[in-house]
Peer 1: 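Please read through the structure below; I'll follow up with questions.
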There are 2 protein chains.
Amino acid sequence: MHTHKSTLEEVAAAAGVSKMTASRALRGAPDVSIKTRDKVLQAAERLNYLGNRLALSLSSQRTDLVAVVVPSMSNIVFPEVLAGISTGLEGSGMQAVFGISDYDVTKERNVIRDMLSWRPSAIIVTGLDQPDETVRMLKNAAIPVIQIMDLDGTPIDFNVGLSHCKAGEEMARALIAAGRKRFGYIGSALDRDLRAGKRKAGFERVLHENRLAFIGQRLGDTLSSVSLGKYLTHQLLSSEPSLDCIYYSNDDMAAGGAFASMEASRTDDILMAGFNGLELAAALPVRIATSRSPRHMIGEVAARLARGSMAPNAPSVSKITAFVPEITGIV
Amino acid sequence: MHTHKSTLEEVAAAAGVSKMTASRALRGAPDVSIKTRDKVLQAAERLNYLGNRLALSLSSQRTDLVAVVVPSMSNIVFPEVLAGISTGLEGSGMQAVFGISDYDVTKERNVIRDMLSWRPSAIIVTGLDQPDETVRMLKNAAIPVIQIMDLDGTPIDFNVGLSHCKAGEEMARALIAAGRKRFGYIGSALDRDLRAGKRKAGFERVLHENRLAFIGQRLGDTLSSVSLGKYLTHQLLSSEPSLDCIYYSNDDMAAGGAFASMEASRTDDILMAGFNGLELAAALPVRIATSRSPRHMIGEVAARLARGSMAPNAPSVSKITAFVPEITGIV
DNA sequence: CTTGGTATCGATACCGGTATCGGTAACAGA
DNA sequence: TCTGTTACCGATACCGGTATCGATACCAAG
């Protein structure tokens with residue numbers, strides 16, 4: 001199409017030195033005189049030389065690539081984790097490569113396999129509920145495996161996140177302490193979003209401890225969304241008007257619930273509770289309860305672990321980094 | 001850490017054949033007997049063999065990598081584009097690699113350079129306002145360059161998106177036709193988000209054509225968010241109570257505006273207009289106007305172009321794919 | 001029995017860099 | 001003058017695959 005991609009060999013020839021010397025000069029390695037270095041740099045500039053990381057990585061046996069597998073890109077949660085990873089990797093010379101699993105274990109396995117074949121220096125995956133085969137593959141890769149978001153399970157190497165079970169429990173406790181008594185639940189596709197399921201289970205456990213239970217619930221089968229939350233809330237409110245609190249699978253759904261409560265003029269006697277602590281939640285005209293999950297921070301910590309694993313004198317980092325979500329929005 | 005990564009050579013040895021034959025067997029290439037193929041496959045299975053794409057790509061001179069550079073991950077727009085790219089690439093054997101530029105041209109240049117050094121088969125970048133140096137680099141890469149989101153400018157190779165100038169113009173025309181007369185504007189960091197600036201410019205042009213102008217405006221200097229939109233709207237409404245319509249840099253900001261209008265009990269006499277057509281916008285308890293941008297579709301089309309560029313018999317695709325955003329929410 | 005075609009496989013040369021080690025020149029000290 | 005360092009540079013062997021071409025075996029046809 002356009003011009004020709006120049007190689008190190010050509011740069012070396014143009015500078016009148018050997019390939020090896022050119023390589024050293026461009027990398028700023030020692031054993032190169034100033035004069036030679038300048039000659040090479042100029043030649044590289046002139047030829048628009050752009051290194052070839054394939055060759056570099058193959059030769060040096062390190063890719064400085066961090067593979068990242070997340071289940072979805074359709075709500076803001078995982079993109080924020082990715083942003084966190086991106087910041088955390090900044091200045092390290094490492095590159096993140098992302099893959100999406102669509103909450104599908106088979107797809108996840110394939111994505112992970114594809115990523116591993118690039119021989120990344122570390123891999124970050126979401127959750128720790130991978131099937132045995134996937135775990136075997138990950139262990140076999142002989143690189144640090146960083147499992148994020150979830151803490152409820154047995155990690156392979158590193159684990160950064162929070163306990164969704166506990167998050168659900170704490171939210172239930174806080175709501176009960178605030179005097180709520182008649183609970184409903186609204187969620188979507190819990191068979192796929194395992195973490196939402198764990199939150200619900202934790203919530204329900206505490207309800208039972210207090211001789212309570214969900215009076216009514218609605219489960220959607222599509223991806224979570226504000227509209228879905230709103231729609232299901234209207235349904236639930238009309239069939240169970242006595243509810244004074246609804247727990248949602250996440251903040252998107254809860255925001256929809258808040259809108260529904262406004263439309264039904266129920267904002268004063270019912271409280272919606274979600275999960276994530278989205279920016280949106282704080283701006284809503286009606287207060288909703290939520291657990292703030294440190295998404296960006298989880299990404300940053302995961303990135304730091306990936307970087308650390310490259311450092312020769314890796315300080316002994318803790319294998320598990322646990323965050324405790326702060327609950328807000330309960331009057 | 002764990003086990004040893006096995007190579008093709010080892011698989012070949014274990015199967016009692018040459019490296020070359022093993023390679024052919026694993027790729028399903030011809031010239032391999034069924035019996036030999038099975039032997040190799042079994043050996044590979046036994047050794048947990050995982051191909052090495054670095055070596056593969058270096059040797060075959062094609063990476064099947066699609067580099068993608070987006071400015072941000074902190075609102076849902078670009079993640080949805082990435083999701084679109086991901087779906088569009090599915091089944092093609094191509095892998096997307098993402099980079100974030102943070103709306104910073106210098107950072108964008110660096111990210112692009114880093115990505116190009118992986119020798120991707122195509123590159124997708126956001127917008128067509130790259131500085132000359134970056135354009136030169138992109139052209140020099142000798143791969144198809146796909147510029148997305150924006151149409152207002154001169155593309156390098158391919159262009160998929162919509163005209164933000166026109167989007168602004170059309171929105172203004174629609175709002176004026178609906179009887180709105182006293183306009184305000186609320187945005188944020190327009191020096192960085194060039195497309196939002198173009199929409200504003202288009203909007204303003206039409207206002208002028210109709211002997212109108214923004215009566216008041218507020219510009220934030222942080223990233224756009226619902227809270228920021230709400231905050232600035234409260235400010236603007238109190239200083240310019242006569243407004244009957246506010247144009248926002250995007251839907252996040254406009255949603256914040258909608259919340260502010262509710263809190264100020266102004267929902268009946270003022271209309272908020274945004275851009276993107278977010279899912280959230282449709283669920284809001286108060287209607288806002290918006291232009292629906294086909295984010296997922298843009299990603300899919302871009303991915304298709306990236307795939308097509310690999311096909312030997314590339315059908316002559318149009319260099320420019322233009323979308324016209326549909327305007328909704330105007331009563 | 002020779003010839004020719006087909007099926008199957010392997011040897012060798014890359015791809016574009018880096019690691020390693022050895023060589024040369026210049027300069028210091030004995 | 002001889003020897004030992006140090007600074008600088010290049011030849012060679014990889015890294016782990018694929019492309020290419022040639023070799024071998026087998027079978028049918030002449």
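Since this is a predicted model, take the numbers as computed values, not measurements. We use all heavy atoms of the structure for the numbers below, so side chains are in, but hydrogens, waters and symmetry mates are not. Below, chains carry the letters A, B, ... as their sequence lines are ordered, and counting in each starts from 1.
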Peer 1: Please check if the side chain of Glu10(B) supplies one atom and the backbone of Thr7(B) the other of a donor-acceptor pair under 3.5 Å.
Peer 2: yes

Peer 1: May I ask you to verify if any side-chain N or O of Ser23(A) is less than 4.0 angstrom from the OP1 or OP2 atom of dG17(C)?
Peer 2: no

Peer 1: Can you check the Leu56(B) CG to dC15(D) C1' distance for me, whole Å?
Peer 2: 14 Å

Peer 1: Measure from CD1 on Ile34(B) to P on dA7(C) and round the result to the nearest Å.
Peer 2: 13 Å

Peer 1: Calculate the interatomic distance between Glu9(B) atom CD and dA11(C) atom P; express it in whole Å.
Peer 2: 11 Å

Peer 1: Please check if the side chain of Arg295(B) supplies one atom and the backbone of Ser293(B) the other of a donor-acceptor pair under 3.5 Å.
Peer 2: yes

Peer 1: When you check the phosphate oxygens OP1 and OP2 of dA19(C), does a side-chain N or O of Gln61(A) lie under 4.0 Å from one of them?
Peer 2: no

Peer 1: Of the nucleotides dG16(D), dT18(D), dT20(C), which has the atom closest to the Met20(B) side chain?
Peer 2: dT18(D)

Peer 1: Rounded to whole Å, please give me the gap between CG in Leu58(A) and P in dG16(D).
Peer 2: 7 Å

Peer 1: Nearest whole angstrom, please: distance from the P of dG17(D) to the CZ of Arg53(B).
Peer 2: 13 Å

Peer 1: Quick one: do the Ser23(B) and Arg27(B) side chains pair a donor with an acceptor below 3.5 Å?
Peer 2: yes

Peer 1: Can a side-chain donor-acceptor contact be found between Ser33(A) and Arg37(A) if the only test is distance below 3.5 angstrom?
Peer 2: no

Peer 1: Rounded to the Å, how far apart are Lys5(A) NZ and dG16(C) P?
Peer 2: 9 Å

Peer 1: Can you tell whether the side chains of Glu108(A) and Arg113(A) come within less than 4.0 Å, N to carboxylate O?
Peer 2: no

Peer 1: For Ser57(A), which contact category applies under a 4.0 Å heavy-atom criterion: base, sugar-phosphate, or nothing?
Peer 2: nothing

Peer 1: For dG10(D), does OP1 or OP2 lie under 4.0 Å from any side-chain N or O of Thr21(A)?
Peer 2: yes

Peer 1: Anything under 30° is parallel, anything over 60° is perpendicular, the rest tilted; go ahead and classify Phe78(B) against Tyr103(B).
Peer 2: perpendicular

Peer 1: Check whether any side-chain nitrogen or oxygen of Tyr49(B) sits under 4.0 Å from OP1 or OP2 of dG16(D), and answer yes or no.
Peer 2: no

Peer 1: Within the pair Thr36(A) and dC9(D), is there a side-chain N or O less than 4.0 Å away from OP1 or OP2?
Peer 2: yes

Peer 1: Write down the distance between CG (Leu8(A)) and P (dG10(D)), rounded to a whole number of angstrom.
Peer 2: 12 Å

Peer 1: Can you find a donor-acceptor pair, distance only, under 3.5 Å between Arg119(A) side chain and dG16(D) base?
Peer 2: no

Peer 1: Any N or O donor-acceptor pair linking the side chain of Lys19(B) to the base of dG16(D) at under 3.5 Å?
Peer 2: no

Peer 1: Would you mind reading off the distance between Arg24(A) atom CZ and dT18(C) atom P, rounded to a whole angstrom?
Peer 2: 11 Å

Peer 1: With a 4.0 Å cutoff (strictly under), does any side-chain N or O of Ser59(B) reach OP1 or OP2 of dC15(C)?
Peer 2: no

Peer 1: Using the closest heavy atom to pick a nucleotide of DNA chain D for each, name whichever of Ala55(B) or Val17(A) lands nearer the 5' end.
Peer 2: Val17(A)

Peer 1: Ignoring backbone atoms, establish whether Ser33(A) has a side-chain N or O less than 4.0 Å from OP1 or OP2 of dC9(D).
Peer 2: yes

Peer 1: Under 4.0 Å from OP1 or OP2 of dT18(D): is there any side-chain N or O of Arg27(B) that close?
Peer 2: yes

Peer 1: Please classify the nucleic acid contact of Asp31(B) as base, sugar-phosphate, or nothing, using heavy-atom distances under 4.0 Å.
Peer 2: base

